[in-house]
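The structure appears below as structure tokens.
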Protein chains: 2
Amino acid sequence: MRDIAIGVLSRETGVKVPTIRFYEEIGLMRAPARTGSNRRIYGDDDIRRLKFIRHARDLGFEVDDIRTLISLTERPQAPCAEADSIARRHLATVERRLAQLGALRDELARMVGDCCHGQVCDCRVIEVLADHGQCAGGHG
Amino acid sequence: MRDIAIGVLSRETGVKVPTIRFYEEIGLMRAPARTGSNRRIYGDDDIRRLKFIRHARDLGFEVDDIRTLISLTERPQAPCAEADSIARRHLATVERRLAQLGALRDELARMVGDCCHGQVCDCRVIEVLADHGQCAGGHG
DNA sequence: CCTACAATCTCCAGCGACTGGAGGATCAAG
DNA sequence: CTTGATCCTCCAGTCGCTGGAGATTGTAGG
């Protein structure tokens, strides 16, 4: 078990130092041991854990979900139904966002494409924004 | 010009009352006239403006961009190049997000699909999250 | 006219997920 | 011994809202 300083942990995981401390504060990372001069000492476990957290965040999982996922990794005999359902729920969210974003892109593309590059008073961009009726968008 | 109370404005635009006040605070909505008893009085212009704001927010434009777009609508003779460039920039952002989210969906779908619904120790969801190498994800 | 109750007002704290600065202590290298 | 990097804690700010407290005002019914 190497002794890893927070800066090294940061470099190895790509998570900024203040963010690591923040993760400790909110209980995603456990409070590590300290040196005599009060500096945090991490080990390889912490690198793994932080990479897990970071990866999950990159995938857009919320902190609460990550907390659950981590507690699952600590009970490896537990059925994985819960992990599965978190992932499924998240997948559904992502697919919803994807659909919304696709519609949004189409609308933006149309706005930009139709713009005759003249004056604002004739600008499709402004017009589309001003007239809600032109768009099929939901939101949420 | 009807006299419209903030609650009516809220109902007509789908923007919550505190949000309207917030928009006033940050200068998206102008400060309206008041009644003798200090209540905000809006007009039809304000409905239009708030709908514009809401629509732009729904489309994911940031408040700063909306501020610019609004100031453009108030100079209708100005060339629309700026509105166009804001929309283009936003379109590019949306397309980037869309691509990322697509990759994310694929990864999540794979995670969920590969999960054998057994124990956590064999769970693909957990495994994929733990092993960053398995994923092609960038982030930002 | 009185009573409810709804709507409004201001102020301010909180959300999520960080980010970064101030001001001080400590460490490693030259 | 000095320099500069790193670390510490604390706290305020980011963005775009959201909602509660506590006071006031408007409106409808009895």
Side-chain angles (χ1 to χ4, degrees), chain A residues 2-29 31-42 46 49-70 86 90 93 97 100 104 139-140, chain B residues 2-29 31-42 46 49-70 90 93 97 100 139-140:
Chain A
R2 290 179 291 155
D3 280 3
I4 301 166
I6 196 167
V8 179
L9 181 60
S10 170
R11 253 164 273 137
E12 299 230 338
T13 58
V15 179
K16 290 180 183 170
V17 168
T19 304
I20 297 173
R21 292 197 274 248
F22 170 74
Y23 284 161
E24 184 183 327
E25 198 182 310
I26 64 172
L28 266 193
M29 292 292 283
R34 302 283 184 128
T35 67
S37 62
N38 201 32
R39 301 192 169 198
R40 290 167 177 84
I41 318 169
Y42 295 98
D46 296 301
R49 188 179 179 126
L50 189 49
K51 277 185 176 166
F52 181 99
I53 293 169
R54 193 209 134 167
H55 195 182
R57 286 294 302 132
D58 282 352
L59 289 177
F61 286 90
E62 290 169 13
V63 164
D64 260 7
D65 284 338
I66 298 175
R67 239 188 290 263
T68 308
L69 290 169
I70 285 178
I86 288 173
H90 187 50
T93 305
R97 278 218 302 253
Q100 264 178 25
L104 167 54
H139 62 108
Chain B
R2 291 179 290 155
D3 279 4
I4 301 166
I6 196 168
V8 179
L9 182 60
S10 170
R11 252 164 274 136
E12 299 231 338
T13 57
V15 178
K16 291 182 183 169
V17 167
T19 305
I20 297 172
R21 291 197 274 248
F22 170 75
Y23 284 161
E24 183 183 325
E25 198 183 310
I26 64 173
L28 267 192
M29 292 292 283
R34 302 282 185 130
T35 67
S37 62
N38 201 33
R39 303 195 166 191
R40 290 166 177 85
I41 318 169
Y42 296 98
D46 297 300
R49 188 180 180 127
L50 189 48
K51 277 185 177 167
F52 182 99
I53 294 169
R54 194 207 133 168
H55 195 183
R57 288 292 303 132
D58 282 352
L59 290 178
F61 286 89
E62 290 169 14
V63 165
D64 261 6
D65 284 338
I66 297 175
R67 240 187 290 263
T68 308
L69 290 170
I70 285 179
H90 187 50
T93 305
R97 278 219 302 253
Q100 264 179 25
H139 62 106

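Only a predicted model underlies this, so the values are computations on that prediction, with no experimental measurement involved. Sequence lines set the chain letters: A, B, ... in the order given, protein chains first and strands last, and positions in each chain run from 1.
Annotation: side chain of B:Glu24 is not in contact with side chain of B:Ile20 (no heavy-atom distance under 4.5 Å). Between B:Ile53 and B:Ile70 there is a side-chain heavy-atom pair separated by less than 4.5 Å. The side-chain heavy atoms of B:Ile26 and B:Val63, taken from C-beta on, include a pair separated by under 4.5 Å. Side chains of B:Arg54 and B:Asp58 form a contact here, defined as non-hydrogen atoms less than 4.5 Å apart.
A:Glu62 is linked by a side chain to side chain donor-acceptor pair (under 3.5 Å) to nothing, counting only residues two or more places apart in sequence or in another chain. Judged as a side chain to side chain donor-acceptor pair (under 3.5 Å), and not counting sequence neighbours, A:Arg57 has no contacts. Partners of A:Thr19 according to the side chain to side chain contact (heavy atoms under 4.5 Å, CB included) rule, which considers only residues two or more places apart in sequence or in another chain, are A:Val15, A:Lys16, A:Tyr23. With sequence neighbours left out, A:Phe52 forms a ring-ring contact (aromatic ring centres under 6.0 Å, His included) with no residue at all. With sequence neighbours excluded, the residues satisfying side chain to side chain donor-acceptor pair (under 3.5 Å) with B:Arg67 are B:Asp64. Every side chain to side chain contact (heavy atoms under 4.5 Å, CB included) that A:Arg39 has, sequence neighbours left out, goes to A:Thr35, A:Ser37. In this structure A:Arg11 satisfies the side chain to side chain contact (heavy atoms under 4.5 Å, CB included) test together with A:Val8, sequence neighbours excluded.
Separation of atoms CZ (A:Arg2) and CG (A:Asp46) is listed at 11.0 Å; rounding is to 0.5 Å.
Across the interface with DNA chain C, nearest-nucleotide mapping of A:Arg39 and B:Ile41 shows B:Ile41 to be the residue nearer the 5′ end. Where B:Thr35 and B:Leu28 meet DNA chain D, the nucleotide closest to each residue was compared, and B:Leu28 sits on the side nearer the 5' end. Between B:Pro18 and B:Gly36, the residue whose closest nucleotide on DNA chain D is further toward the 5' end is B:Pro18.
For the pair B:Leu9 and B:Ile4, the tightest heavy-atom approach, listed with the atom from each and the gap, is N-CG2, 3.7 Å. The nearest pair of heavy atoms linking A:Pro32 to A:Ile41 is CB-O, 3.3 Å. The two atoms that bring A:Arg40 and A:Ile6 nearest to each other are CD-CD1, 4.0 Å, heavy atoms only.
Residues from residues 4-11 of chain B lying near DNA chain C, meaning a heavy-atom separation below 4.0 Å, are B:Ala5, B:Ile6, B:Gly7 in numerical order. If you check residues 63-70 of chain B against DNA chain C, you find no residue with a heavy atom closer than 4.0 Å.
In the 5' to 3' direction, nucleotides of DNA chain C lying under 4.0 Å from heavy atoms of chain A begin and end at C:dA17 to C:dC27. Put simply, chain B comes within 4.0 Å of DNA chain D, heavy atom to any atom, from D:dG16 to D:dG26, going 5' to 3'.
Note that the two end axes of the helix from C:dC1-D:dG30 to C:dG30-D:dC1 enclose an angle of 10°, each drawn from 5 base pairs, rounded to 10 degrees.
Counting any heavy atom pair closer than 4.0 Å across all strands shown, B:Arg40 reaches sugar-phosphate atoms only and no base atom.
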